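Computed from a predicted structure; not experimentally measured. Index from 1, following the sequence.
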Amino acid sequence: MKVLSVASELYPLIKTGGLADVAGALPIALAARGVDTKTLIPGYPAVMKAVKKPRKVHEFEDILDERATLLEVRHEGLDLLILDCPPLYERSGGPYLDSQGRDYPDNWKRFAVLSKVGAEIASGALPGFKPDLVHVHDWQAALVPVYMRYAEAPEVPSLITIHNIAFQGQFGATVFPDLGLPGHAWHEALEYYGTISYLKSGLLTAHALSTVSPSYADEILTPEFGMGLDGVIASRADDLYGIVNGIDADVWNPSSDPLLASHYSATSLKKRAGNRAALVERFAFDGDDGPIFCVISRLTWQKGLDLVPEVIDEIIDAGGRLAILGSGDSSIESALQTGATHHRGRVGMVLGYDETLSHLMQAASDVILVPSRFEPCGLTQLYALRYGCIPLVARTGGLADTIVDANEAALAAGVATGIQFAPVTTDAFRRAIRRTLRLYRDQRLWSQMQKQGMKSDVSWNRSAAAYADLYQRLVAKGQ
Ligand SMILES: Nc1ncnc2c1ncn2[C@@H]1O[C@H](COP(=O)(O)OP(=O)(O)O[C@H]2O[C@H](CO)[C@@H](O)[C@H](O)[C@H]2O)[C@@H](O)[C@H]1O
């Protein structure tokens, strides 16, 4: 089967979050199941710089008033289609924000053009490649099924995956005439309380919808989690699927990861000590007794990290340490910085994005904190399972689906892999930290949990099979 995937970021070329990991790993996992994927991404400077000798495969003379070139290249096991359009993508900031952290004012156009190109490829613009199915990710690619719906060409079955419903691609109604869609598309698909919502229109027009865990698929049907789109999603409930993310088990492998100070496996957990020593040095901790907690995250309300400053004392008083890597909301950044300054030698913070350090932190820390208010799937808890770092997570979305709480029954059965807590409040979080510290004191139990986590199948195996199966069904239905 041939699939066109459309995404606005893709590991290892350009990443701001988990979407990139999934867009990069899923095609490789699916290849083993006979699914050939080509992935369309924008030609950001980082992408253009990294790929070697791409081939020019198509020229778009006028795509929403822009000229664009489509390049094709194979890069690290991925077949890529790169949309080279310098006026839209050659920018000095990130994929979505300028260097001051502001949205690019023409994001509506940057991702409408990406989507329109996706739709044109689906209808055969690229000689020799006619996809059987189109899989699009998040709002940035959500107009692909919309352009397909209103095109002359026959529609190709499509699947839209929601990775983060908090970002919906909402723009003023004034851009509608520039999207190149017929007038009736306004009421049929795009209009959202007088504005335009790319995500809503994709959810209405794609043949199927999915999100990245079964629990989150249930949650987004409710007003609490649907973020204004629960009604739209409920209207598509029969076509909604929840498939939990996997991780790239080669990139994240503690026995061969080149980014670690010391390699180890479930049978040589003592060797984690080499990573621990490197982490203690990197964060300038004043010793290495007691548990090391870590945070690796975008620092946002979604991730619940405003609660972390509230539990620092709990960790420090028990002789623990806290290593933080992240960036995001300035109020959360400064509250955590204050904690680090206050507890120098016990709390350390690296502000920013550092893929290399994130690997070392997973391999060195005892506990990763993931107190998310909502979490479609979450990847850091999966990396943690693989690295013998115990996840302390909020009981929500994919966190609830992937971590087995260390309650009495699970401990007795030897199946516990982490600690869950709910609701996401300071009190419940604090109680969960105390419970974690009690478990840590019983080192026999603790290493049993580590081993159990390391045994969990967090690879793409099962999930790639579920996607391949869903693709098959959608293609069969469309025939
Ligand atoms: N400062 C930093 N330095 C280095 N690495 C950092 C970092 N901050 C974050 N990361 C990395 O970025 C990724 C974050 O992925 P997540 O799945 O946890 O959340 P995100 O909200 O971005 O993704 C959304 O999409 C994914 C994919 O579907 C869902 O799992 C998730 O629930 C949803 O919110 C991980 O690979 C993590 O290691």
Side-chain angles (χ1 to χ4, degrees), residues 16-17 93-94 97 99-102 166 276-362 364-375 378 380-381 384 389-394 396 399 419 421-437 440:
T16 71
L97 309 176
S99 38
Q100 314 294 317
R102 291 170 305 215
R276 190 178 167 99
L279 190 81
V280 165
E281 196 185 324
R282 175 75 196 259
F283 281 87
F285 288 150
D286 58 9
D288 79 341
D289 51 325
I292 297 181
F293 290 71
C294 76
V295 167
I296 305 165
S297 186
R298 291 187 290 116
L299 305 178
T300 60
W301 183 87
Q302 173 199 346
K303 302 291 181 182
L305 295 172
D306 47 308
L307 298 185
V308 170
E310 312 285 329
V311 300
I312 286 180
D313 285 344
E314 214 69 35
I315 293 172
I316 304 302
D317 292 349
R321 285 171 183 74
L322 174 63
I324 304 161
L325 167 62
S327 62
D329 294 354
S330 51
S331 61
I332 302 181
E333 282 181 2
S334 65
L336 291 169
Q337 284 278 20
T338 305
T341 313
H342 220 80
H343 299 281
R344 209 177 289 281
R346 295 252 148 196
V347 178
M349 173 148 179
V350 172
L351 191 64
Y353 189 90
D354 187 335
E355 188 80 26
T356 303
L357 180 58
S358 76
H359 284 238
L360 179 70
M361 289 171 75
Q362 293 277 15
S365 308
D366 299 293
V367 182
I368 186 165
L369 301 176
V370 196
S372 307
R373 291 194 168 85
F374 68 95
E375 197 60 80
T380 56
Q381 85 281 8
C389 173
I390 301 291
L392 189 171
V393 304
T396 189
L399 300 173
I419 293 94
F421 74 99
V424 181
T425 59
T426 308
D427 277 349
F429 192 22
R430 209 173 267 142
R431 281 197 299 277
I433 300 260
R434 281 190 217 130
R435 185 151 72 90
T436 306
L437 290 164
Y440 180 79

Determine, step by step, whether Y440 and I390 satisfy the side chain to side chain contact (heavy atoms under 4.5 Å, CB included) criterion, reporting the C-alpha distance in whole Å, the side-chain angles of both residues, the deciding distance to 0.1 Å, and the verdict.
-> CA-CA 10 Å; Y440 180 79; I390 301 291; over 6 Å; no
Assess whether side chain to side chain contact (heavy atoms under 4.5 Å, CB included) is satisfied between F429 and L392, documenting all intermediate values.
-> CA-CA 9 Å; F429 192 22; L392 189 171; 3.9 Å; yes
Give the intermediate values and the outcome of side chain to side chain contact (heavy atoms under 4.5 Å, CB included) for residues Y353 and T16.
-> CA-CA 9 Å; Y353 189 90; T16 71; over 6 Å; no
Derivation of the side chain to side chain contact (heavy atoms under 4.5 Å, CB included) call for L351 and L336 | CA-CA 10 Å; L351 191 64; L336 291 169; over 6 Å; no
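In this structure D329 satisfies the salt bridge (charged side-chain N to carboxylate O under 4.0 Å, His left out) test with no other residue, sequence neighbours excluded. R431 meets the salt bridge (charged side-chain N to carboxylate O under 4.0 Å, His left out) test with no other residue; sequence neighbours excluded. For E333, there are no salt bridge (charged side-chain N to carboxylate O under 4.0 Å, His left out) partners, not counting sequence neighbours.
Of the possible polar contacts, one joining the Q362 side chain to the T380 backbone as a donor-acceptor pair under 3.5 Å is found. Between the side chain of R430 and the backbone N or O of T425 there is no donor-acceptor pair closer than 3.5 Å.
The stretch residues 347-359 participates, sequence neighbours left out, in these salt bridge (charged side-chain N to carboxylate O under 4.0 Å, His left out) pairs: K15-E355, R282-D354. For residues 290-310, every residue pair satisfying the salt bridge (charged side-chain N to carboxylate O under 4.0 Å, His left out) rule, not counting sequence neighbours, is listed here: K303-E375, D306-R373.
A tilted orientation is assigned to the rings of F374 and W301, their planes being inclined by 30° to 60°.
To the nearest 0.5 Å, the span separating CG on L322 from CD1 on I315 amounts to 5.0 Å.
Here the rule is side-chain contact (heavy atoms from CB on, under 4.5 Å) with F293, and of I368, V367, V311 only V367 fits it.
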Distance-only criterion, 3.5 Å: show the donor-acceptor pairs between side-chain atoms of residues 338-346 and protein atoms not counting sequence neighbours.
from : atom 1 : to   : atom 2 : distance (Å)
T338 : OG1    : S334 : O      : 2.7
T341 : OG1    : Q337 : O      : 2.8

